[in-house]
Amino acid sequence: MKNPLLKNPVFFNVVILIISGIISAFTLIFGVAHLFEGVRQIIKGNGHEIPLTESILGWVIVLMLCVVGIISLLLAVAAIQAIFKRNKT
């Protein structure tokens, strides 16, 4: 699949890189931290008395944070590749 960011100017790619890098960092940090904490609580068995529906909602939100972080990380990598290929030519 061809990188769609190759046709854009370098300044636009730098802006995309900065914005998606910040989004990726925050969402992956918070998502992975909450994911590890939830798994740790399940393994130890010391989870709080949280209703099942709220627990499922929490897991869905944490997984969505991780998905948004991975997508924005891939966008940042594509912007970096576009910047390097534009500077090469």
Side-chain angles (χ1 to χ4, degrees):
M1 189 165 121
K2 195 166 185 159
N3 190 349
L5 297 176
L6 287 174
K7 297 178 182 177
N8 296 331
V10 175
F11 177 73
F12 184 70
N13 285 331
V14 170
V15 170
I16 289 176
L17 175 64
I18 292 170
I19 292 172
S20 64
I22 292 170
I23 291 171
S24 172
F26 281 117
T27 56
L28 281 176
I29 286 172
F30 290 123
V32 171
H34 283 88
L35 190 66
F36 285 152
E37 181 64 25
V39 170
R40 187 181 67 82
Q41 285 181 0
I42 289 174
I43 290 173
K44 283 189 174 181
N46 63 352
H48 303 288
E49 296 296 324
I50 300 173
L52 181 63
T53 56
E54 290 182 13
S55 178
I56 292 173
L57 180 63
W59 280 101
V60 168
I61 290 172
V62 166
L63 291 175
M64 290 307 293
L65 277 173
C66 292
V67 167
V68 167
I70 290 171
I71 290 172
S72 60
L73 180 66
L74 292 175
L75 186 61
V77 169
I80 290 172
Q81 287 177 345
I83 290 170
F84 284 149
K85 286 188 180 185
R86 285 286 262 211
N87 286 339
K88 188 185 282 188
T89 58

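Sequence positions, counted from 1, serve as the residue numbers for this chain.
Taken to the nearest 0.5 Å, the CD1 atom of I22 stands 9.5 Å off from the CG atom of L17. Between atom OG of residue S20 and atom CG of residue L74 there is a gap of 10.0 Å, rounded to the nearest 0.5 Å.
Under the 4.5 Å side-chain criterion, counting only non-hydrogen atoms from C-beta, V68 is not in contact with L28. At least one side-chain heavy atom of L35 sits under 4.5 Å from a side-chain heavy atom of W59.
A continuous path of ILVMFWY side-chain contacts below 4.5 Å connects I42 to V39, so both sit in one hydrophobic cluster. Cluster membership for F36 and I43, using ILVMFWY side-chain heavy atoms within less than 4.5 angstrom, is not shared. In the hydrophobic cluster analysis, where Ile, Leu, Val, Met, Phe, Trp and Tyr join through side-chain heavy atoms closer than 4.5 angstrom, M64 is grouped apart from I29. V32 and V60 are not part of a single hydrophobic cluster, where members link through side-chain heavy atoms under 4.5 Å apart. F26 and V67 fall into different hydrophobic clusters, where Ile, Leu, Val, Met, Phe, Trp and Tyr side chains are chained together by heavy-atom contacts under 4.5 Å.
Shortest non-hydrogen contact noted between G21 and A76 is N-CB, 4.4 Å.
In this pair, F30 and H34 present their aromatic rings tilted. The plane angle is within the 30 to 60° band.
Between the side chain of S24 and the backbone N or O of G69 there is at least one donor-acceptor pair closer than 3.5 Å. Proximity of a side-chain donor or acceptor of T27 to a complementary backbone N or O of I23 within less than 3.5 Å is detected.
Of the candidates I16, N13, N8, N13 is the only one forming a side chain to side chain contact (heavy atoms under 4.5 Å, CB included) with I83.
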